[in-house]
Visitor: 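Questions regarding the structure given below will be posed in turn.
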Amino acid sequence: MNIHIGMLSDLPLKTRTVVLIGSRTSDHLRELVRIAEFKGRAAYRIETAAELQPRWFAGEEEVGIVVGAAGLDSIVRAVMDRLNQFAAAQAHGMLEGVAQ
């Protein structure tokens, strides 16, 4: 699994799943989710890495991360760590077995 961080419009076209990090009350993130879904991408809005679900990424080769606000560096690192954990599990055919 390759992980790309950036603006929604800059993610590679083959990125089919996008994680949007930020507040659930953010109108900006809500609009980005709508745009991602309109373009045929699965979009998940989260506030913490603990919210990530392994099933969201099963079989995915490209995953995008969009950060909705400044000051979320520790959350972004935690999300990256968790996605890398999922990627390692997927490489061994055990993605569904990752502890949640």
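The first residue of the sequence shown is numbered 1, and numbering continues consecutively from there.
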Visitor: Shared ILVMFWY cluster between Leu83 and Ile21, side chains joined below 4.5 angstrom?
Guide: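 Yes, it is one cluster - the side chains of Leu83 and Ile21 are joined through contacts under 4.5 Å.
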Visitor: Using every non-hydrogen atom in the two residues, find where Leu11 and Gly6 come nearest and quote the distance to one decimal.
Guide: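 The pair with the smallest heavy-atom distance is CD2-N, 4.3 Å.
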Visitor: How far apart are the closest heavy atoms of Ala43 and Val33, and which atoms are they?
Guide: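 Of all heavy-atom pairs spanning Ala43 and Val33, the closest is CB-CG1, 4.0 Å.
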Visitor: Are Leu52 and Leu20 connected in the hydrophobic side-chain network, where two residues link if heavy atoms are under 4.5 Å apart?
Guide: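 Per the 4.5 Å side-chain linkage, Leu52 and Leu20 are not co-clustered.
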Visitor: Mind listing the side-chain donor-acceptor pairs of residues 61-76 below 3.5 Å, one per line with the distance, residues two or more places apart or on another chain?
Guide:
{"unit_1": "Glu62", "atom_1": "OE1", "unit_2": "His4", "atom_2": "NE2", "d": "2.4"}
{"unit_1": "Glu62", "atom_1": "OE2", "unit_2": "Asn2", "atom_2": "ND2", "d": "2.9"}

Visitor: Restricting to non-hydrogen atoms, name the atom on Val18 and the atom on Arg41 that form the minimum distance, rounded to 0.1 Å.
Guide: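 Distance-wise, the nearest heavy atoms are CG2-CD, 3.8 Å.
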Visitor: Look up atom CZ in Phe57 and atom CZ in Arg82, then write down how far apart they are to the nearest 0.5 Å.
Guide: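 If I round to the nearest 0.5 Å, the distance is 9.0 Å.
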Visitor: By the side-chain hydrogen bond (donor to acceptor under 3.5 Å, both in side chains) test, which pairs, at least two apart or in different chains, include something from residues 21-31?
Guide: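 As it turns out, the side-chain hydrogen bond (donor to acceptor under 3.5 Å, both in side chains) pairs with a partner in residues 21-31, which skip direct neighbours, are Ser23-Thr25, Arg24-Glu51, Asp27-Arg30, Glu31-Arg34.
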Visitor: Apply side chain to side chain donor-acceptor pair (under 3.5 Å) to Thr17 and list each qualifying residue two or more places apart in sequence or on a separate chain.
Guide: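 Expected list: Glu60.
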Visitor: With sequence neighbours left out, what residues match Ala87 under side-chain contact (heavy atoms from CB on, under 4.5 Å)?
Guide: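 Partners of Ala87 under the side-chain contact (heavy atoms from CB on, under 4.5 Å) test: Met1.
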Visitor: If the condition is side-chain contact (heavy atoms from CB on, under 4.5 Å), which residues does Asn84 pass it with, not counting sequence neighbours?
Guide: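 Residues passing side-chain contact (heavy atoms from CB on, under 4.5 Å) with Asn84: Ile3, Met80.
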Visitor: Applying ring-ring contact (aromatic ring centres under 6.0 Å, His included) as the test, list every pair that has at least one member in residues 31-53; sequence neighbours left out.
Guide: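 Qualifying pairs: Tyr44-Trp56.
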Visitor: Given the rule that I, L, V, M, F, W and Y join up when any side-chain heavy atoms are under 4.5 Å apart, are Val19 and Leu8 in one cluster?
Guide: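 No; Leu8 is not reachable from Val19 via cluster members.
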Visitor: State, yes or no, whether a side-chain contact exists between Val79 and Ile46 at a heavy-atom distance under 4.5 Å.
Guide: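 Yes, close enough: below the 4.5 Å cut-off.
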